[in-house]
Amino acid sequence: MATTKLAPSILTADFGRLADEVRAAEAAGVDLLHLDVMDGRFVPNITFGHQLVEALRKVTALPFDLHLMVIEPERQVPLFEGLADTINVHVEVSPHIHRTLETIRKLGAKCGVCINPGTPVAAIEESLPDVDQVMVMTINPGWGGQQMLPRQLDKVARIRGLIDAGGFAAEIMIDGGVKATNAAACAASGANTLVCGSSVYNAEKSVAESVAALRAALRGT
């Protein structure tokens with residue numbers, strides 16, 4: 001079985017020394033970096049836009065996984081051309097999701113579809129053949145440091161079953177509340193990649209120690 005990938009989210013990092021925080025994650029051996037773009041409308045928080053992503057692109061070779069938590073994501077997608085390796089958009093704000101996914105592909109990025117806790121799996125079922133990734137929100141999006149909603153792992157398992165039954169290539173990413181105590185359960189539910197915010201960037205451990213703890217949890221050691 002392939003190794004479960006770790007994708008630190010900079011949402012809980014120290015923005016005053018963000019370049020150093022990103023370099024620390026890269027040095028710790030993470031697989032990619034998760035970037036949450038929030039507009040204060042689709043979710044209550046406001047984070048950053050393409051200028052910050054462009055600045056970070058200059059300080060790390062890590063793949064960038066971009067999470068657009070914005071109204072009318074199709075208007076924002078072109079701003080990230082050449083900056084993100086994967087661009088994820090929410091089905092809840094994408095009435096023409098197929099068209100938006102096609103736009104992402106035309107920009108040369110992989111495409112992902114995101115689903116909130118209260119959204120049924122059926123909302124993304126028709127998109128499964130067309131995406132590289134399904135992002136399952138295991139918290140209500142908007143803020144870092146929340147506790148995982150454990151029932152969402154059942155949703156992950158259902159989506160994994162649909163992907164496998166259809167022979168689709170899409171991977172599954174879990175975003176929200178991932179910790180060393182639940183990382184193994186996340187992987188067992190069918191996830192390929194775990195977004196890790198406060199479980200990587202926190203005051204208790206260094207980034208390297210936090211990443212090592214997550215890797216150990218996934219190995220069962």
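We use all heavy atoms of the structure for the numbers below, so side chains are in, but hydrogens, waters and symmetry mates are not.
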Minimum heavy-atom distance between [X] and [Y], given as atom pair plus value:
X: Ala187; Y: Thr4; value: CB-OG1, 3.6 Å
X: Ile115; Y: Thr119; value: CD1-O, 3.4 Å
X: Gly142; Y: Val43; value: CA-CB, 3.9 Å
X: Ala180; Y: Ala213; value: CB-O, 4.1 Å
X: Cys111; Y: Leu101; value: CB-CD2, 3.8 Å
X: Ala123; Y: Val91; value: O-CG2, 3.5 Å

Anything under 3.5 Å between a donor and an acceptor, one on a side chain of residues 7-16, the other on a protein residue two or more places apart or in another chain? List them.
from, atom 1, to, atom 2, distance (Å)
Ser9, OG, Leu11, N, 3.2
Ser9, OG, Asp36, OD2, 2.8
Thr12, OG1, Gly197, O, 3.2
Thr12, OG1, Ser198, N, 3.3
Asp14, OD1, Gly16, N, 2.9

same_hphob_cluster([X], [Y]) at 4.5 Å side-chain heavy-atom cutoff:
X: Leu18; Y: Val59; result: yes
X: Val93; Y: Val134; result: no
X: Met38; Y: Leu66; result: no
X: Leu33; Y: Met69; result: no
X: Phe80; Y: Ile104; result: yes

Got [X] and [Y] here, is their nearest side-chain heavy-atom distance under 4.5 Å?
X: His98; Y: His96; result: no
X: Ile124; Y: Val131; result: no
X: Asn140; Y: Leu149; result: yes
X: Asp175; Y: Cys114; result: no
X: Phe42; Y: Leu68; result: no

How far does [atom1] of [X] sit from [atom2] of [Y], to the nearest 0.5 angstrom?
X: Thr3; Y: Lys5; atom1: OG1; atom2: NZ; value: 10.0 Å
X: Arg160; Y: Leu153; atom1: CZ; atom2: CG; value: 13.5 Å
X: Glu21; Y: Thr60; atom1: CD; atom2: OG1; value: 13.0 Å
X: Gln76; Y: Ile71; atom1: CD; atom2: CD1; value: 11.0 Å

ILVMFWY clustering at 4.5 Å (side-chain atoms), partners of Ile139 =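 Cluster partners of Ile139: Leu32, Met135, Met137, Met173, Val195.
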Could you name each residue pair satisfying side chain to side chain donor-acceptor pair (under 3.5 Å) that touches residues 38-56, not counting sequence neighbours?
->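 Those involving residues 38-56 do not exist here.
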For [X], side chain to side chain contact (heavy atoms under 4.5 Å, CB included) partners two or more places apart:
X: Ala169; answer: none
X: Ala188; answer: none
X: Asn182; answer: Met148, Val178, Lys179, Cys186

Chi angles and distances behind the side-chain contact (heavy atoms from CB on, under 4.5 Å) call for Asp65, Asn88 | CA-CA 8 Å; Asp65 184 78; Asn88 306 277; 3.2 Å; yes
Strictly by salt bridge (charged side-chain N to carboxylate O under 4.0 Å, His left out), give each pair with a member in [range] just once, sequence neighbours left out.
range: residues 209-221; value: Asp31-Arg215
range: residues 130-155; value: Arg105-Asp132
range: residues 187-201; value: none
range: residues 182-198; value: none

With sequence neighbours excluded, residues passing ring-ring contact (aromatic ring centres under 6.0 Å, His included) with His67 =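 With sequence neighbours excluded, His67 shows a ring-ring contact (aromatic ring centres under 6.0 Å, His included) to His34, His90, given in chain and number order.
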Not counting sequence neighbours, which residues clear salt bridge (Lys or Arg N to Asp or Glu O under 4.0 Å) with Glu92? List them please.
->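 Checked Glu92 against salt bridge (Lys or Arg N to Asp or Glu O under 4.0 Å); zero matches.
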Is there a side-chain contact (heavy atoms from CB on, under 4.5 Å) between Leu35 and Leu56 once you walk through the steps?
-> CA-CA 10 Å; Leu35 302 165; Leu56 291 181; 4.1 Å; yes
Evaluate the criterion side-chain contact (heavy atoms from CB on, under 4.5 Å) for residue pair Ser189 and Ile174; output intermediate values, then yes/no.
-> CA-CA 10 Å; Ser189 70; Ile174 283 179; 3.9 Å; yes
Atom CD of Glu102: over 12 foreign heavy atoms under 6.0 Å |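 Yes, enclosed.
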